[in-house]
Each structure stands twice: as structure tokens, then as C-alpha cells.
Amino acid sequence: MSPRPHSRPAHSRPGLPRSARRRSAALAGTAVLAAGALLLTGCASDAGGSAEEAGETGEDTTIRVASHMTPMTDVVEVAADVAAEDGWTVELVQVNDNVQYNRLLADGEVDANFAQHEPYMEAFNAEHDAELQALAPIYDAKVGFYSRDYDDVAEVPDGAKVAIPNDASNEGRALAILDEHGLISLADGVGFEGRIADVEENPHDLEWVQVDLLNLSSAYEEDDVALVYNYPTYIARVGLTPEDAVLLEETVDQRFAIQLVSRAEDAESEKIQALERAMTSDEVRDFLVEEHSETLLPSF
């Protein structure tokens, strides 16, 4: 998949609708959750691939999708309603970390997952000799840097500590934002694949603190950390949104869009094709725009 950089438009800051709050509350407090069956009978769409047709060939019409947290889990539920119109049952399997959803998929325990961008998936494939495949970009999260002590990045003192992810794919994205805003200079051509070793100029003598992605929100609370990279999903734990960031990513590489992922061998199967149609439906796009425009951009 080739990257398609683009600039982020400005968005207003809508309140979270009551329906979204109900969905989030329903999902909370469970490490692994299988959503109730959503099977509805209906006519096949023009795109074909109805569950009735699959059933006639003996194919299972239940699609199990592993996901992590809102808004990813919310998107799966909206897509489930869409898929149900063609007779497919989508079951949400909710996990509580960034490891389980790929292990479940690679081991055949679920049919797909929706929780990661393509570089993260590729790193998993390389480390575990897996064959997962990114199928469709669904949304780009608005990522950036946050500070508890400073309202403007110009106030950050020389020698300050900067918390960035400790996994290679997100490390490169974080460093690219700092390079884009002129705080550091990366070696020519490394782009989003840069590493700390690729920082050629660090005029403010920033000190790097590498943290697991799930713990970056905790780093925000540390007294001696001036800047913290994070995703809106995680920084929401401390009550912040991208509007609170002191630096936001301006140029978006669509490789970092949150993707629908399946096993490569199943990518063309009826159930995965049906799931992809539902995940890229008008209903999902409308949901993203109407309820999450503060934190993300649809990418399909």
C-alpha cells in the first residue's frame, strides 16, 4: 500500500453524543468480550456475498473480530449492524493490550482484527513469522505531543525529557513530528522510519525516554517529563484531546491509518470481503465524522 500524505483540516470540537457514551460504557470492564449475536436476515446487496449464499456452500456466517478499545470497538459494532443486513453475524472480541489481537488472529481464534496500523502489523509479521495482511485503512488518528507543564513548545527548556514509544513503528512517527516542527533534524530520507540513532541535530539537547505505548499516559503525569507523544485513545485517560496537544502531526502518511487486518490466506474469502464492505460503508464513515471528528480523520 503506497502512502498518501495529506494535511489535516481544522475541525470543530463537538460534544460526545449520548449514544457513543452508552456504547463506551457497555464495552468497559471486560478483558475479553464477545458481543451478542447481531444476525438479521435480509437481501443480498448489489456487491453480493450474502451470508445466505455463504451458508449454502457450508461456510460459517459468523465473523469474529478482535479489537482493543474505543473508538475501534465502536467502529466494529457499527459495521456489525451493516453486515447484519446481509445476514452476517459480527462478534466483537475485545482484548486489553496491543499483543492479544494479533496472536488471536495468527492462531486462527478470530477472523480479523481492527486495532493497528500497517507498520505495526508488519513488525509483528517479521517477529513472529506470521502472514497477516492489511485490507483497508479506516481512519487516521490525530497524534501529537502533550505537556503537563507547558502550554507552548517554545517554553520547553533545553535538556528536557521527551517520552516517545519504544516500538520501532511508532518511534519513527514520533520523531518525524519533532523533525517536522523543527525541534530536531533527522538524517535525510529516513522519514517516518527514523530512529533515535538517526537524529543528526538536537539543538535543544532533548533527552529521550522510551515507553511502551500503553504507558505513555502515565508518563504524562511524571514531574520531569516535558513532552509526551500519544494517541487520542490513550491520552483520553487523563482527560485530554488533540486540541490540548502542544504539537500535532501535520503531514499524514496513510500507512499509519488504523487498518482492518486478516490472515493473508483469508483476505479474499466471502466473510472477510463482507466485513471489509461493512467497515468501509457510509454508515461507518458517518459515525466517524459525526462522533469522532475531534480525534480522527476517515481514510476511506
Colleague: For the residue pair Ala154 and Asp152, what are the closest heavy atoms and their distance?
Modeller: N-OD1, 2.8 Å
Colleague: Using the six-membered ring wherever Trp is involved, compare the ring planes of His68 and Tyr234 and label them parallel, tilted or perpendicular (cut-offs 30° and 60°).
Modeller: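 The rings of His68 and Tyr234 sit tilted, inter-plane angle from 30° to 60°.
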Colleague: Does the side chain to side chain contact (heavy atoms under 4.5 Å, CB included) test come out yes or no for Leu175 and Asp198, once each step is laid out?
Modeller: CA-CA 9 Å; Leu175 293 173; Asp198 297 311; over 6 Å; no
Colleague: Should Pro165 and Leu216 count as side-chain neighbours, where that means a heavy-atom distance under 4.5 Å?
Modeller: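 Result yes, sub-4.5 Å side-chain heavy-atom pair found.
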Colleague: Does either side chain, that of Ser262 or that of Asp266, offer a donor lying less than 3.5 Å from an acceptor on the other one?
Modeller: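 Ser262 vs Asp266: no donor-acceptor pair found between side chains.
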Colleague: Looking at side-chain heavy atoms only, is the closest gap between Ile138 and Ile258 below 4.5 Å?
Modeller: no
Colleague: Hey, is CG on Asp224 packed in by over 12 heavy atoms from elsewhere, all under 6.0 Å?
Modeller: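 Check passes, neighbour count above 12.
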Colleague: Spell out, yes or no, whether Val225 and Leu247 are grouped together once hydrophobic residues are joined by side-chain heavy atoms under 4.5 Å, including indirect joins.
Modeller: yes
Colleague: With side chains defined as the heavy atoms from C-beta onward, is the minimum distance between Val261 and Leu105 less than 4.5 Å?
Modeller: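 Yes, at least one pair of side-chain atoms sits under 4.5 Å.
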Colleague: Indicate the atoms forming the closest heavy-atom contact of Arg237 with Ser217, along with that distance.
Modeller: CD-OG, 4.3 Å
Colleague: Who are the side-chain hydrogen bond (donor to acceptor under 3.5 Å, both in side chains) partners of Asp158, not counting sequence neighbours?
Modeller: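 Checked Asp158 against side-chain hydrogen bond (donor to acceptor under 3.5 Å, both in side chains); matches are His204.
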Colleague: Does some side-chain heavy atom of Glu268 sit less than 4.5 Å from a side-chain heavy atom of Gln273?
Modeller: yes
Colleague: Just how far is it from atom CG of Asn96 to atom CD of Gln100, taken to the nearest 0.5 Å?
Modeller: 5.0 Å
Colleague: Measure the shortest side-chain to side-chain distance between Val284 and Leu288 over non-hydrogen atoms and say whether it is less than 4.5 angstrom.
Modeller: yes
Colleague: With distance as the sole test, does Ser67 use its side chain to make a donor-acceptor pair with the main-chain N or O of Phe114 at under 3.5 Å?
Modeller: yes
Colleague: Just checking Gln210: does its CD atom have more than 12 heavy atoms from other residues, nucleotides or ligands closer to it than 6.0 angstrom?
Modeller: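 Yes - once you tally the heavy atoms of other residues, nucleotides and ligands closer than 6.0 Å, there are more than 12.
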Colleague: Quick one: are the ring centres of Phe287 and His292 less than 6.0 Å apart?
Modeller: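 Close enough - the centres of the two rings lie under 6.0 Å apart.
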Colleague: Starting at CD of Glu250, measure out to CD1 of Ile177 and round the result to the nearest 0.5 Å.
Modeller: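 Reported value, rounded in 0.5 Å steps: 9.5 Å.
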Colleague: Is the backbone N or O of Ala136 less than 3.5 Å from a side-chain atom of Gln259, with the two atoms forming a donor-acceptor pair by type?
Modeller: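 Yes, the answer is positive, given that a donor and an acceptor are paired below the 3.5 Å cut-off.
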Colleague: Tell me the closest heavy-atom pair linking Ala267 and Gln133, and the distance in Å.
Modeller: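 Smallest heavy-atom distance, with atoms named: CB-NE2, 3.7 Å.
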Colleague: Side chains of Glu171 and Asn166: donor-acceptor distance under 3.5 Å anywhere?
Modeller: no
Colleague: For a quick check under 3.5 Å, do Tyr231 and Asn170 share a side-chain donor-acceptor pair by atom type?
Modeller: yes
Colleague: Any side-chain donor paired with an acceptor under 3.5 Å for Asp149 and Ser147?
Modeller: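 No, Ser147 and Asp149 have no side-chain donor paired with an acceptor closer than 3.5 Å.
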Colleague: Between Phe145 and Tyr229, is the gap from one ring center to the other below 6.0 Å?
Modeller: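 Ring centres of Tyr229 and Phe145 closer than 6.0 Å.
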Colleague: Any salt bridge linking Glu249 with Arg173? Criterion: basic side-chain nitrogen under 4.0 Å from a carboxylate oxygen.
Modeller: yes
Colleague: I'd like to know if Arg255 and Glu122 make a salt bridge, using a cut-off of under 4.0 Å between side-chain N and carboxylate O.
Modeller: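 The answer is no: the pair does not qualify as a salt bridge.
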Colleague: Work out which heavy atom in Thr295 is nearest to a heavy atom in Pro242; give both atom names and the distance.
Modeller: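 For Thr295 versus Pro242, the nearest heavy atoms are CG2-CD, 3.8 Å.
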Colleague: Could you check whether Glu91 and Thr62, counting side-chain N and O atoms only, form a donor-acceptor pair closer than 3.5 Å?
Modeller: no
Colleague: Which heavy atom of Leu248 sits nearest to which heavy atom of His181, and what is that distance?
Modeller: O-NE2, 2.9 Å
Colleague: Evaluate the side-chain proximity of Glu221 to Arg148: yes if any heavy-atom separation is below 4.5 Å, no if none is.
Modeller: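 Arg148 reaches Glu221 side chain to side chain.
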Colleague: If you group Ile, Leu, Val, Met, Phe, Trp and Tyr by side-chain heavy-atom gaps below 4.5 Å, do Leu178 and Val156 land in one group?
Modeller: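 Yes, same cluster.
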Colleague: With rounding to the nearest 0.5 angstrom, report the CZ to OG distance, Arg263 to Ser269.
Modeller: 8.5 Å
Colleague: Nearest heavy-atom pair of Lys271 and Ile63: which atoms, and what distance?
Modeller: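 Closest heavy-atom pair between Lys271 and Ile63: O-CD1, 3.3 Å.
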Colleague: Show, in sequence, the C-alpha distance, side-chain angles and deciding distance for Leu260 and Glu276, and conclude whether the side chain to side chain contact (heavy atoms under 4.5 Å, CB included) test is met.
Modeller: CA-CA 7 Å; Leu260 174 64; Glu276 182 176 345; 4.0 Å; yes
Colleague: Just verifying a value: how many Å separate Leu132 CG and Leu135 CG, rounded to the nearest 0.5 Å?
Modeller: 10.0 Å
Colleague: Assess the side chains of Asp179 and Ser185: does a donor N or O sit below 3.5 Å from an acceptor N or O?
Modeller: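 Asp179 vs Ser185: no donor-acceptor pair found between side chains.
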Colleague: Mind checking the CZ-CG spacing from Arg64 to Asn113? Nearest 0.5 Å is all I need.
Modeller: 12.5 Å
Colleague: Let me check something: do Phe124 and Tyr101 share a hydrophobic cluster, defined by ILVMFWY side-chain heavy atoms less than 4.5 Å apart, either directly or through other members?
Modeller: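 Yes, Phe124 and Tyr101 fall within the same hydrophobic cluster.
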Colleague: Got Leu186 and Val199 here, is their nearest side-chain heavy-atom distance under 4.5 Å?
Modeller: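 Of all side-chain heavy-atom pairs linking Val199 with Leu186, at least one is under 4.5 Å.
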Colleague: Which is it for Ile184 and Glu201 under the side chain to side chain contact (heavy atoms under 4.5 Å, CB included) test, yes or no, and what are the steps along the way?
Modeller: CA-CA 6 Å; Ile184 63 172; Glu201 296 181 17; over 6 Å; no
Colleague: Measure the acute angle between the ring planes of Phe192 and Phe256, then classify it against the limits of 30° and 60° as parallel, tilted or perpendicular.
Modeller: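 Judged by the thresholds at 30° and 60°, the geometry between Phe192 and Phe256 is tilted.
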Colleague: Kindly say whether Tyr139 contributes a backbone atom to a donor-acceptor pair with the side chain of Ser299 at under 3.5 angstrom?
Modeller: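 Present.
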Colleague: Should Val82 and Trp88 be regarded as members of a common hydrophobic cluster, given that ILVMFWY residues are connected when their side-chain heavy atoms come within less than 4.5 Å of each other, either directly or indirectly?
Modeller: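 Per the 4.5 Å side-chain linkage, Val82 and Trp88 are not co-clustered.
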Colleague: Does the Asp107 side chain pair with the main chain of Leu104, one donor and one acceptor, at a distance under 3.5 Å?
Modeller: no
Colleague: Going from CG on Leu213 to CG on Asp97, what distance comes out if it is rounded to the nearest 0.5 angstrom?
Modeller: 11.5 Å
Colleague: Tell me every residue that passes side-chain hydrogen bond (donor to acceptor under 3.5 Å, both in side chains) with Asp111, counting only those two or more places apart in sequence or in another chain.
Modeller: none
Colleague: Between Val162 and Val209, is any pair of side-chain heavy atoms under 4.5 Å apart?
Modeller: no
Colleague: Determine whether Val65 and Val110 satisfy the following criterion, side chain to side chain contact (heavy atoms under 4.5 Å, CB included), listing intermediate values before the conclusion.
Modeller: CA-CA 6 Å; Val65 183; Val110 297; over 6 Å; no
Colleague: Give a yes or no on whether the backbone of Asp212 and the side-chain of Asn215 come within a donor-acceptor separation of less than 3.5 Å.
Modeller: no
Colleague: Are Val246 and Tyr146 linked, directly or through other ILVMFWY residues, by side chains that come within less than 4.5 angstrom of each other?
Modeller: yes
Colleague: Can you tell me if CZ on Arg103 sees more than 12 non-hydrogen neighbours from other groups inside 6.0 Å?
Modeller: no
Colleague: Using modelled atom types and a 3.5 Å cut-off, is there a donor and acceptor pairing between side-chain atoms of Ser293 and backbone atoms of Glu290?
Modeller: no
Colleague: Under a 3.5 Å distance rule, please check whether Glu77 uses its side chain to pair with a backbone N or O of Thr73 as donor and acceptor.
Modeller: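 Side chain of Glu77 to backbone of Thr73: no pair is present.
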